[in-house]
Structure formats: structure tokens, C-alpha cells
Amino acid sequence: MKYAFERKSPWVFELPRKGPMQVPLRLYTTEGMLKQLEEDQSIDQLMNVASLPGIYRYALGMPDMHQGFGFPIGAVAAFDIDSGIISPGGVGFDINCGVRLLRTGLSRQAIEDRLDELGKRLFALVPSGVGSTGHRVFSKAEMKGLLSEGAPWIISAGFGVPSDQSAMESQGHLAAADAELVSEKAIERGRDELGTLGAGNHFLEVDYIETIYDAEYAAAFGLREHDIVVWIHTGSRGLGHQVATDFINLFKKKMDQYKIPLYNHELAALPFKTSEGRQYFAAMSAAANYAWVNRQIITHQVRTAFEQVYPDLMAGQSIDLIYDVAHNIAKEEVHDGKKLLVHRKGGTRAFPAGHPELEGPFAQYGQPVLLPGDMKRGSYILVGTGASMDETFGSTAHGAGRRLSRNEAVRRYQFEDISADMAQHHIRLFAADKKVAREEAPDAYKNVDEVVGPIVHAGIARPVARSRPLLVIKG
DNA sequence: ATGTTC
């Protein structure tokens with residue numbers, strides 16, 4: 001073992017602070033997955049995060065952790081609001097990359113005969129792939145509106161129903177957003193990309209509920225065995241990427257001035273309470289609003305596809321949003337009675353019942369935690385717990401997490417083999433780009449069952465249900 | 001992740 005981790009429990013491993021580290025690292029994982037982490041730079045990256053000013057308690061790694069830009073993916077770090085930093089690399093390039101889950105109320109058996117047609121309609125109505133553009137271009141004035149207001153803006157424009165908004169983290173908008181701090185270049189990149197999936201790990205999936213782990217919570221979230229659900233995973237596209245690029249460049253220039261140590265050239269950070277820190281937070285919030293609008297337009301397109309393909313079944317039937325989570329974001333939250341800036345980079349909020357930020361049924365049950373796996377082995381729906389508030393700043397993992405780099409996956413897997421293997425499992429794959437599909441080969445990811453293990457055993461989320469794919473649309 | 005090397 002290259003690092004001197006102490007085993008706090010079978011699922012929690014701690015690396016004591018040393019050198020410039022202000023706090024220890026704490027990893028929620030297994031012995032086996034911890035060993036794999038030594039093959040990339042993610043532990044060193046998390047040690048750098050633990051060395052940043054104002055970090056509170058520990059730097060957290062989730063079981064899906066792997067190497068990212070400056071800051072690992074599958075990591076959570078909270079900083080004192082007054083003395084701590086904010087880091088664009090701690091949010092990620094795809095600001096408010098996130099996941100939403102829809103329930104259709106239709107059974108697997110009912111939709112099976114027209115699945116191919118559904119796949120084709122979804123593939124046509126939801127543009128995917130690098131550089132994909134949407135069905136309409138938004139004006140600059142419209143961009144300012146949606147960047148400021150988020151999901152409510154696009155729902156008012158007719159894409160969705162008011163009840164959608166109450167099933168979104170932060171109700172689909174961050175009030176700190178300031179559209180004036182999003183560069184012209186970022187706005188220009190974003191005007192024609194709304195309603196598009198993008199590439200990489202982004203996807204649209206039609207799944208069926210395979211297993212219910214908790215009948216009461218499944219019923220509360222409207223999940224029934226064999227029912228069809230739709231997963232949407234995408235973010236803020238080129239706009240968010242441009243905001244991240246703009247502010248990483250600005251931050252790098254200013255670090256010396258604010259005397260923030262640069263442990264790695266990718267890990268730019270500035271005090272939150274500086275004009276630059278606040279500016280990034282306001283621009284990040286606007287990009288987060290854009291991502292919620294993006295997922296909302298895609299939701300509208302999914303509803304349209306189901307209505308077109310199944311007009312008979314959809315008569316009197318609505319497709320409802322179960323929940324929408326952000327997994328690349330920084331938010332002001334209160335933990336241990338302290339105001340903190342929580343960075344979740346590939347981390348899902350997992351607030352429990354009774355949390356003051358939750359409303360409606362979620363106040364009673366806790367928020368749904370949406371944890372997608374790879375495109376063959378399916379995904380989990382969990383629920384937030386009190387232990388996540390006590391231990392992980394109300395957070396858990398965000399997905400299976402990569403096991404292999406994109407390049408390594410392309411070297412190992414051929415498109416035809418992936419497609420044939422998925423067909424064997426009765427999964428139809430619609431891929432905009434064969435190379436991207438090879439990067440996303442199921443075996444390039446950790447086994448989602450193995451990733452969920454430490455979460456469930458440590459109690460930082462509770463399992464509610466598991467779904468398996470039938471149709472996969474990939475960028 | 002990304003108008004996939006501004």
C-alpha cells in the first residue's frame with residue numbers, strides 16, 4: 001500500500017493529515033477499490049484539496065472516485081464560508097452536470113412492441129453527440145432570462161408543468177446567478193445547444209424497475225416493479241465549459257495575489273469572499289440554471305416522443321418528474337451549525353427527511369438520490385439519510401465511476417462487440433459516435449453494485465430501487 | 001466534459 005490509510009470501518013478509510021494537509025482524507029470504499037485508486041492520481045489530488053485554506057473536517061472520496069482535472073471526480077469538500085476558498089476545478093467543467101428520472105406509469109410489457117420506434121423517436125427529438133445543436137436557437141435576451149431564472153423560466157415558456165419544479169434540487173434555480181458574469185463567448189456557445197444531450201458519459205435511457213428494496217419509499221417516489229422510467233444525464237454543455245475555462249484562467253492569474261498555494265497547476269482556487277470568488281459563484285450559478293433548463297427541454301421532448309409513439313397508452317397518462325439532482329456544483333449550506341461552501345464534484349446531495357431545504361413529499365421521506373451505473377448494468381435510486389448529514393456534508397456518490405481511462409477503453413473495446421453484448425442483454429443502443437460508445441463501454445466502469453455497497457453499508461444513503469436499461473441513447 | 005488541441 002502506497003498510502004498509509006487507517007481502516008475506520010470496513011467501508012471507511014482515513015489518511016491522517018501530514019505536510020500541508022489541513023485535514024485528513026476520508027474515503028468511502030472497499031479494500032479492493034482503494035487498491036485500484038493507487039493506479040491514478042486521485043489520492044494525490046485529494047491530498048491537494050485537503051491542503052486548501054478553510055477546508056472543514058476532511059476531504060471526502062466516494063466509492064466512485066477517480067482522477068479528474070485538479071480535483072478528483074467522486075469527491076466532496078466543504079470550506080468555511082469566511083476563511084475558505086472556491087475552486088472551479090472543484091465543480092468541474094460541466095457545471096451542474098446532473099441526472100433526472102421520470103416515471104411513465106407504463107409497464108415494460110405495455111411498451112415492448114414499439115421499443116424500436118421509441119428509440120428512433122427519442123434519438124431524433126433529443127440531439128446527441130459532440131457539437132450537437134438544438135431545435136431552436138435562443139436569443140440573447142432569452143439567454144439572460146433563463147440564466148437568471150433557471151427551470152421556472154422554461155416551464156413558463158411551455159416546456160413542462162409547474163409540478164416539475166418542486167421535484168428538482170434547489171427547485172431548478174440558484175438565486176445567486178448573475179447572467180452579466182457569463183461571458184459573451186459562453187452565451188454564444190450556449191444559444192443553440194439547449195435541449196441537447198452532448199457526448200461522453202451523457203445519456204438518455206429507457207429502463208424498467210427491476211428490483212424494489214424499500215416498498216414504502218418506492219411507493220412514495222411512484223416506483224413500481226416492471227414500470228418504465230426514463231433517465232436523463234447531461235449538463236451545461238459548451239456554456240458551462242466556457243464559464244469554467246474563463247474562470248480557471250482568471251483564478252490562475254490571481255492566486256499569487258491572494259497568497260493561495262498552487263499545489264497543482266490544475267487546482268486553481270481563490271478565497272470565496274473576494275470579488276473574483278463571488279464572480280465565479282454567480283457565473284457558476286447561472287450555468288447551473290442553464291443546465292436545469294437543458295434537462296427540462298429534454299424532458300419535454302421525451303414526453304413528446306412517448307405521446308407520438310404510444311398515443312393509445314398515453315391518453316390520460318402523464319409522465320412525471322421523480323427528481324433532478326446536480327452532481328457538479330458548489331453550494332452554500334449549513335452543516336454542524338456552520339455556514340460552508342460545499343463542493344460536490346461527481347457527488348450527489350443526499351439530504352434526509354426533515355431537512356429545511358426539502359419540500360412536499362421529500363420533506364417527509366428525504367430526497368431521491370439518483371445514481372446511474374454503466375449503460376449495461378443499470379442504475380440505482382436511493383434516498384438521503386441522517387448519516388450523510390453527520391458524516392459527508394449530506395452527500396454520496398454520483399455514479400459507477402470510471403475504471404479505465406477513455407483512451408484505454410477505446411484500445412480494449414470495439415463498437416460491434418459492445419453493441420452485440422448489449423443486444424444479448426436485450427438492450428438497444430443508439431450511439432451518435434462509435435468512438436464515444438467505446439469510451440463508454442460497460443467494462444470501462446466500476447460495477448455499480450460494488451460502488452453502492454459502501455454507501456449502503458456506511459448508511460450515507462438507503463437503497464430504494466434498481467433499474468435495468470432497455471434503450472440507451474448515447475452521444 | 002468540450003465547436004474532442006484557444
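All values below come from the heavy atoms of this structure, side chains included, with hydrogens, waters and symmetry mates left out. So that the names make sense, note that chain A is the first sequence line, chain B the second, and so on, each numbered from 1. Everything quoted here is computed from the prediction, not taken from an experiment.
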Provide the full list of salt bridge (Lys or Arg N to Asp or Glu O under 4.0 Å) pairs with a residue in residues 267-292 of chain A, sequence neighbours left out, each pair given once.
A:Asp82-A:Lys273, A:Lys254-A:Glu276
Nearest whole Å is fine: how far is B:dT4 C1' from A:Glu440 CD?
13 Å
Output the rounded distance in Å from NZ (A:Lys252) to C1' (B:dC6).
12 Å
Just jot down the side-chain contact (heavy atoms from CB on, under 4.5 Å) partners of A:Asp256, sequence neighbours excluded, or say none.
none
According to ring-ring contact (aromatic ring centres under 6.0 Å, His included), who are the partners of A:Phe159, at least two apart in sequence or on a separate chain?
A:His300
Residues of residues 229-239 of chain A with a heavy atom under 4.0 Å from any atom of DNA chain B, listed by number, are A:Arg237, A:Gly238
In whole angstrom, give the distance that lies between atom CD of A:Glu193 and atom C1' of B:dT4.
13 Å
Partners of A:His173 by ring-ring contact (aromatic ring centres under 6.0 Å, His included), sequence neighbours excluded?
none
Nucleotide B:dT4, atom P - distance to CG of A:Asn407 in whole Å
16 Å
In whole angstrom, give the distance that lies between atom OH of A:Tyr290 and atom P of B:dT2.
10 Å
So what does A:Lys185 touch, heavy atoms closer than 4.0 Å: a base, only the sugar-phosphate, or nothing?
base
Taking the cut-offs as 6.0 angstrom to the six-membered ring centre and 45 degrees off its axis, would you call A:Arg136 and A:Phe138 a cation-pi pair?
yes
Nucleotide B:dT2, atom P - distance to CD1 of A:Ile248 in whole Å:
15 Å
State which of B:dT4, B:dC6, B:dT2 makes the closest approach to the side chain of A:Asp433.
B:dT4
Identify each donor-acceptor pair in which a side-chain atom of residues 246-253 of chain A lies under 3.5 Å from a protein atom, sequence neighbours left out, and give them as a table.
from     : atom 1 : to       : atom 2 : distance (Å)
A:Asp246 : OD1    : A:Gln242 : NE2    : 2.9
A:Asp246 : OD2    : A:Ser183 : OG     : 2.7
A:Asn249 : ND2    : A:Thr245 : O      : 3.2

Between P on B:dT4 and NZ on A:Lys435, what's the gap in Å once rounded to a whole number?
12 Å
Under 4.0 Å between any heavy atoms, over every strand shown, what does A:Ala244 touch: base, sugar-phosphate, or nothing? Just pick one.
nothing
With a 4.5 Å limit on heavy-atom distance, are the side chains of A:Asn48 and A:Leu46 in contact?
no
To the nearest Å, give me how far apart CG (A:Asn249) and P (B:dT2) are.
18 Å
